[in-house]
Amino acid sequence: MKRLSGFYLLAALVVLLPIIFPDNYYVTVVGVTALLHAILAVGLNLLMGYAGQISLGHAAFFGIGAYTSAILTTRYGWDPWAAIVVGIALTGSIAFLVSRPILRLKGHYLAMATLGLGIIANIVLVQAGDFTGGPDGLGDIPTLSLFGWALDTDLRWYWVMGATMLGTVWIALNIIDSRSGRALRALHGSEVAAEMMGINTTATKTGVFVLAALTASLAGSLFSHQQSFISPDSFSFFFSIELVTMVVLGGMASTYGAVFGAVVLTFLPELLVVFEDFEVMIFGAILMLMMIFLPQGIFVGLQTPFRRRLTRRESPIADTPGE
Amino acid sequence: MNIRKTLSTIAAGILLSLAAGQTVAADSIKIGSFLAVTGGASFLGDPELKTLQLYIGEINAGGGVNGKQIELVHYDTGGNPKKSVSFAKRLIQKDKVDLIIGGSTSGSTLAVMPLVDKAGMPFISLAGSVKIIKPVKRWTFKMPHTDAMAAAKIFGDMKRRGISKVALISGSGGFGKSGRTQSLALAPQYGIEIVSDESYGKKDTDMTAQLTKIRDTDAQAILNFGFGTGPAIVTKNVRQLGITLPLYQSHGVASKKYIDLAGDSAEGVRLPAAALLVAEMLPDTDPQKPVLLDYKRKFEAKFGPVSTFGGHAYDGLHIALEAIDRAGSTDKEKVRDQIEKTQGFIGTGGVYNMSPRDHLGLSLDAFKMLEIKNGDWTIVQ
Amino acid sequence: MLDQILQFVLTGITVGATYALVALGFSIIYNASDVVNFAQGEFVMIGAMSAIAMSAGENGLSPFLALPLAILLTIGVGIMLQRFAIAPAKGASVVTTIIITIGASIFLRGVALLLWGKDIFALPHFSGEQPIHIGNATLLPQNLWVMGGAALLVIGVHWFFNHTHQGKAILACSCNRTAAQLVGINVGKMMMIAYGLSAFLGAMAGLLVTPITFTSYDAGVMLGLKGFSAAILGGFGNPMGAVAGGVLLGLIESLSAGLISSGYKDAIGFIILLLVLFFRPSGLFGKATAERV
Amino acid sequence: MTTMKLLEVEELTKSFGGVTAIAGLSFDVPPGNVYSVIGPNGAGKTTLFNMLSGIYQPDEGAIRFQSNDIVGIQPHQVAALGVSRTFQNLQMFFNMSVLDNVMVGCHLRTRTGLLSAALRLPGVKREERESREWARQALAMCSLDRYIGHEAGSLPYGVLKRLEIARALAVQPKLLLMDEPAAGLNDTETMEMQALIRRICEAGITVLLVEHNMGLVMQVSDRILVLDYGSRLAEGTPTEIQKDRKVVEAYLGGEVKYAM
C-alpha cells in the first residue's frame, strides 16, 4: 500500500532502534519521552495543522488525563486501565463543553482563550492541593501491566509508548485521508466554502478538538503511570507552547512532520546540556533560525523541494495526494 | 563487591598515583547531580553547584578519596521535575554514577525518588519538604532542615512572645504550599490560631491586596512562607501599609539578597535559618563554628556572599564522601548503609545523626532564630 | 470595607498600568506588522536589567546617564528584533511568527542570563519610600510614578499616531502595506519605528516598576503573558483598548485577590477574560470583523 | 404552480448598520432556468447570495427553496437541501490538491464518520473510490481533467474559477448560485465559461447567476432580475430587459456600451 509506506518506514524505525541500540539511554529514556511527545504532537496537529485551529492550552488535557489516572489509582485504589478510560471520558466531556464557545473565536482570540484555559487548569492543579497534591505533586502512581506483564522497565515502556504512537499516527493518517479529514482541511482553507459544501463546520471543529483532547488524555495517563510521579510543572503553559512548537517546527499539516518535530524538540535540549549556561540562548537562537529559514517547518520545508522535483518528472495523475 | 573489582580498584589507585595530576582516572568516584541552576529556583541550584565544584576540585587536588579522584556529572533541570526524572535516569543509566546529590526543589526530588529506589541508587536530596523523608524511603536522604522544622521553630518563638493569633501568607510554589500545609498542621500544637490564610503567585509584583485583608484581622503576627521575589515584596508591602505586627519569614529567604531587596523594611523581621548566616557571632565553643567559617571563607573568596543553600551541598558532599570512605568502596548498598550510619557529622546545617528511621538527622537546635537589625542578621537569644 | 476596596483599587491600577504599557507595545507591533510579539515582556526586563547593570558598582554610571542608555539599548534590541528575526520571515504564517517571537524571547532571556546572572535585582525608588496616606489606604511615591508615567506615555503614543506624520504613516502600513508603499511611505523604516517604539514602552515600564517589583532575567515571561491577555481583553490592535484592558486586568486581579481568593486570583482574571471573549469575540473595544465573501 | 418555483423570495430586507442593502425584494426562480441578477456595484447582489445560502440572516422576509423555509438555518443545512454556490472572491481550499478540493464537494453524498475513518473500516475504502469517481466526473464536466494531481495553490486564476464550479457541482445541487464566474477572465475563458453555464443548465441544474459581463448575461440567461439599491428595478427575459426604459436609463445606458 503506497498510502502507508511512510508509516511502515516509521514503524520499522521504532522497532529497530532498541534492537540495534539495546539499553541505550537515548533510545529507552529520551526515546520514550520523544514517543510520548509525538503522540501529543500528532493529536494537536490534527487540530492545528489540519483544521487550522490554534491551541495554546493543550497541556491542560494532557494534565487532566494524567491527574485522573494518578488520583483514581493512588487515592481510590482503582485499576489503572479503568482510570485511563475514565480519564479519557472526563477529558472528552470537558473538551466538548468548552469547545463550543471557544471555537467560535478566531486567530489570536482563539490563541488567547486556549492559553487562558490551560493556565486556569494549571492553577487548579496547584491550588486544589488536598486533591491534587498541589505543587509538590502526586507520587506512588502504580505502573501498568499488560496481561500480567508489568511495565517495570524503560524498554517495556518503550514498546508500549511506541505502539501507542504508531497507533496514533495510523489513525491520524486514516482520518486525514478520509471524508472527515477533507472536511478538516476544508474548514482550514475556507470556512464559508466548507459550509457551502455541506460541512457542519461547528461540529467538525468540536469533533477534532475533542479528538485531540482524547489523544492528549491518553498520553497523560501513560505519562502518569510511566513516571509514577506527576506535578503541575509538567502541565504548564510552557509545555503547551512546547507542543505547539513541535507541530510548527516539524511542519503544520504533516503527521510525519509532527512526529519529527516532537523528536527534534525532545532531543535538542538533551544535546544542548553540554553548553550549560549557554543552553537557553542557543536553544532560542536555533528555534528562531529554523522558523525564519524554514517557515513551513523542517520536515515539510525540506521535503517540498524534493517532492516538487518528483512531481515535475511524473505526470500529475498520482492517485493519492500527499498528506 | 567482589575481589576482582577490589583488585582493579587497587591497580587503578597505583596507576593514579603514578599519573599524579591527571584529572579523571578510569576508576574514579562518579558523583551525579541534577540541580535547578537556572529558572525560578536558581538561587538554590546555583550556589549548590558552585559548592560541589569548589570542593570536588579541592578534594581532587588533595588526592581524592581512597586514592580515587572524584568526577562530577551535572545537569541543569531549570527546576522542572520532568527534566529531573530524565536527567536522573541519564545519571543512572548512561553516566553510571555511584551516587546522586541533587534535586534543589522538592518537586524535583519527589519526582525522582521512585526512580532511585528502583535503581538502588544512593540519593542525597537538597530540597526542603518533609515529605521527602516522611515516610523514610530506603535510598533517599536529605540535607536541609524541613519546612515542618521551620514552622515549629517559628511557632516556638511566637509562643515565647505570647503570640497566639497568626496571619499566614504563602507563595503558590512548592516551597510555599508545603510550608503552608506544615504550618496549618503544626499551629494547634503551639496553641496558635491561624486567622488568615492568603497566597500569592510566583511572579506576583504586589501583595497589598492580601495584606490589606490581613491588616483588618486580629492577627498578632504575620508569617510568610515563600522564596524568590515574593517575600521581599511582602516585607515592603507590610511596611507600606503601616502594619506594625511582627513579621516572620521562613528559611527560604535566608540569604543576604533578601535584606538587600527588602532594605529598611526588613528591620525586625525574624526567620529561622542555619547557623551559617551568623557564623561569626557564634560562641567559640560552638562545634559548628570552625566548619562554618571555613566554608564561608572559601566560598566567598571565589563567588561572593554565602547562602545556606550552598551549605546543604557542602553537607551532602561530605556526608557522601565520608560514607564512601567508611564503606571502602563505591558499592551502592554499602554506601547507602554508611550514609544511614552517619553520626555526629558537623556540617553547615547542623550536627547530623542519621538512623534507619531518620534520613535527615537534624534536630530543631540546628535552626537559629534570627532577627534582622541594622541590615544584618542577629541571633535571637 | 471601603478603605480596603480603595486599597485594592490603588494596587490594581498600579499593576494594571504596567500591564497597560506592555499591552500597548503588543498592540503597536501587531498593528504595524500583524505579529504577536511574545518577546514584549523581555523588553521590560532588558530595560530594567541594563539600567541596573550600568549603574551598579563603584564605577557605575549615574542614573541620569544609565537610564537613558538603558532605554536606547532596549530600543536597539527592538529594532534588531525586527531587522533580523521578523523581516526575514516575511509572509510566514501567524503561528510561525509566534514561534519566532517565542524563540526570540528565549534567546534574549538566555543572553540576559549570561550577561547579568540569575540574581534578583532592584532599582532605587525615584523619590523615597515614605508612604502616602489616602484615608486608610496607602501608596508609595513610586506608585504615582508608575501611574503618571504610564498615563503620559499613553497620551504620547495616542498623540503620535493621530497627529504626527510618521504615526499616521505606520497606521497606513497596518491598513494596507502595498498602498502605503505606493504613496511613498518607507514601510521598512516604519516597521523599525514601530518596533523601536514598542521596545521603548517596554523599557519605560521596566524602569518605572522595578523599584517596586524587582527584576531578574526571567521577569519578562509573566509580564508578556499578562500584557498579551490585556491586549486581547481590550480588543487586539486597538491601542487604547489595550490600555483599558491592562488597567482592567490589574483591577480584576487585585479585587479578586482581596475579595474572593488570592490563590485563584489569576484564574479569576482568565475566567473573566474568557467570558468577555464568549460574549464579545473581538474583545471589549475590538472591531468585530465580518467575513467578506 | 408550486412546481414552477424552485426558489421563492418574498419581501426580503437586510440592512447593515443603517444602510439598507436589500429592501423588500421579491422574485421567483423557476426550475431548469439560468436566472441572472444584475445591477450596479453595491446594488446588493452578493448580500442577496449570502442570504440565499444561509451565510447572512435577513432582517425580514422569507426565502423558500422547494417550499422549505430556509431562513434561520445554517449554510451547511442549506447545502443539504440542494443549494450550492461559488464565490466572488475565490474561496478555494488552497491547502489541498485539486482532486481533494472537489472530493470535499462529495461530503453530503457520503456517510463515513470520524470513527470508521479512524479505523479504516471496510466501507470507507469503497466510499473513497466512489467519491474519487464523482470528483473526476465533476472535473471532466469543467474540462479540468489535466489538473487533477495539482495542488490548488499552484493554479492560475481562470482555472481556479472553474475549479470552484467543479467543486460546487460535486455537491449535486438542484440550484447553483454563481457569483461573478466571468470576472477577471479573458475573452476565450469567458466563452468557455458561457458554454459551461449552459452545460450545467442542460444537466438539469438551475443556475442563479450574478455577473457584470452583459454580453454573457444576455446570451446565457432565460430570465433576468435587475437590482437597484436593493430593490427590484425590472424583471423579464433578456429581450424585455434590453428594451426596458428604466433599466436602460439607470444602468444599461451607462455600462452596457463598454461591456458589450
Side-chain angles (χ1 to χ4, degrees), chain A residues 23-34 36-37 66 119 122-123 125-130 132-143 152-155 157 223 226-236 238-239 242 266 269-270 272-281 283, chain B residues 34 37-42 46 49 73-96 105-115 117-119 127-132 135 137 147 170-178 180-181 199 201-202:
Chain A
D23 223 12
N24 183 307
Y25 165 78
Y26 289 108
V27 174
T28 55
V29 178
V30 190
V32 173
T33 311
L36 176 85
H37 288 166
I119 292 178
N122 196 259
I123 293 174
L125 291 184
V126 170
Q127 294 295 337
D130 298 338
T132 63
D136 276 351
L138 272 179
D140 295 321
I141 305 163
T143 193
D152 50 7
T153 66
D154 288 329
L155 186 64
W157 268 108
F223 175 73
Q226 185 234 352
Q227 298 267 308
S228 87
F229 171 91
I230 53 170
S231 69
D233 280 347
S234 302
F235 312 100
S236 66
F238 298 103
F239 189 60
E242 224 177 304
T266 314
E270 245 354 277
L272 291 180
V273 290
V274 294
F275 294 106
E276 297 188 350
D277 275 357
F278 289 84
E279 183 193 332
V280 184
M281 188 185 81
F283 181 75
Chain B
F34 61 96
V37 182
T38 55
S42 63
D46 192 52
L49 178 61
V73 186
H74 171 264
Y75 301 113
D76 174 16
T77 65
N80 180 340
K82 200 169 77 178
K83 273 194 176 173
S84 305
V85 169
S86 151
F87 286 138
K89 285 190 177 171
R90 187 165 173 167
L91 290 169
I92 294 168
Q93 295 176 17
K94 182 160 177 280
D95 304 317
K96 305 203 188 312
T105 61
S106 299
S108 285
T109 293
L110 291 164
V112 302
M113 281 169 58
L115 198 75
D117 238 30
K118 209 160 76 182
S129 172
V130 70
K131 280 195 212 162
I132 297 167
K137 284 273 171 21
D147 36 22
S170 54
S172 63
F175 182 83
K177 279 278 168 197
S178 176
R180 169 185 172 270
T181 312
S199 82
K202 278 181 210 170

Is [X] close to chain B through its backbone or its side chain, or both, or neither, when contacts mean heavy atoms under 4.5 Å?
| X | value |
| --- | --- |
| A/F223 | side chain |
| A/S231 | side chain |
| A/Q127 | both |
| A/N24 | neither |
| A/T28 | side chain |
| A/V126 | both |

Residues forming a side-chain hydrogen bond (donor to acceptor under 3.5 Å, both in side chains) with B/T109, sequence neighbours excluded: B/S125
Partner residues of A/E270 under the side-chain hydrogen bond (donor to acceptor under 3.5 Å, both in side chains) criterion, sequence neighbours left out: A/Y25, B/S86, B/R90
Distance (rounded to the nearest 0.5 Å) between [X] [atom1] and [Y] [atom2]:
| X | Y | atom1 | atom2 | answer |
| --- | --- | --- | --- | --- |
| A/Q227 | B/L115 | CD | CG | 8.5 Å |
| A/I230 | B/K82 | CD1 | NZ | 12.0 Å |
| A/D154 | B/K118 | CG | NZ | 6.5 Å |

Heavy-atom contact with chain A under 4.5 Å, split by part of B/S199: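 Just its side chain gets close to chain A.
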Measure B/K96 against the heavy atoms of chain A and call it side chain, backbone, both or neither at under 4.5 Å. neither
If you count heavy-atom pairs under 4.5 Å between each of A/I123, A/D140, A/D136, A/D233 and chain B, which one has the most?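 Result: the option with the highest number of such pairs is A/D136.
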Just so I know, are the side chains of [X] and [Y] near enough to count as touching, which here means a heavy-atom distance under 4.5 Å?
| X | Y | answer |
| --- | --- | --- |
| A/V29 | B/Q93 | yes |
| A/F229 | B/V85 | no |
| A/V273 | B/D76 | no |

Leading residue by heavy atom contact count with chain A [cutoff under 4.5 Å; candidates B/G201, B/S172, B/G107]: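 So the answer, after comparing B/G201, B/S172, B/G107, is B/S172.
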Decide if atom OH of A/Y26 counts as having more than 12 heavy atoms of other residues, nucleotides or ligands within a radius under 6.0 Å. yes
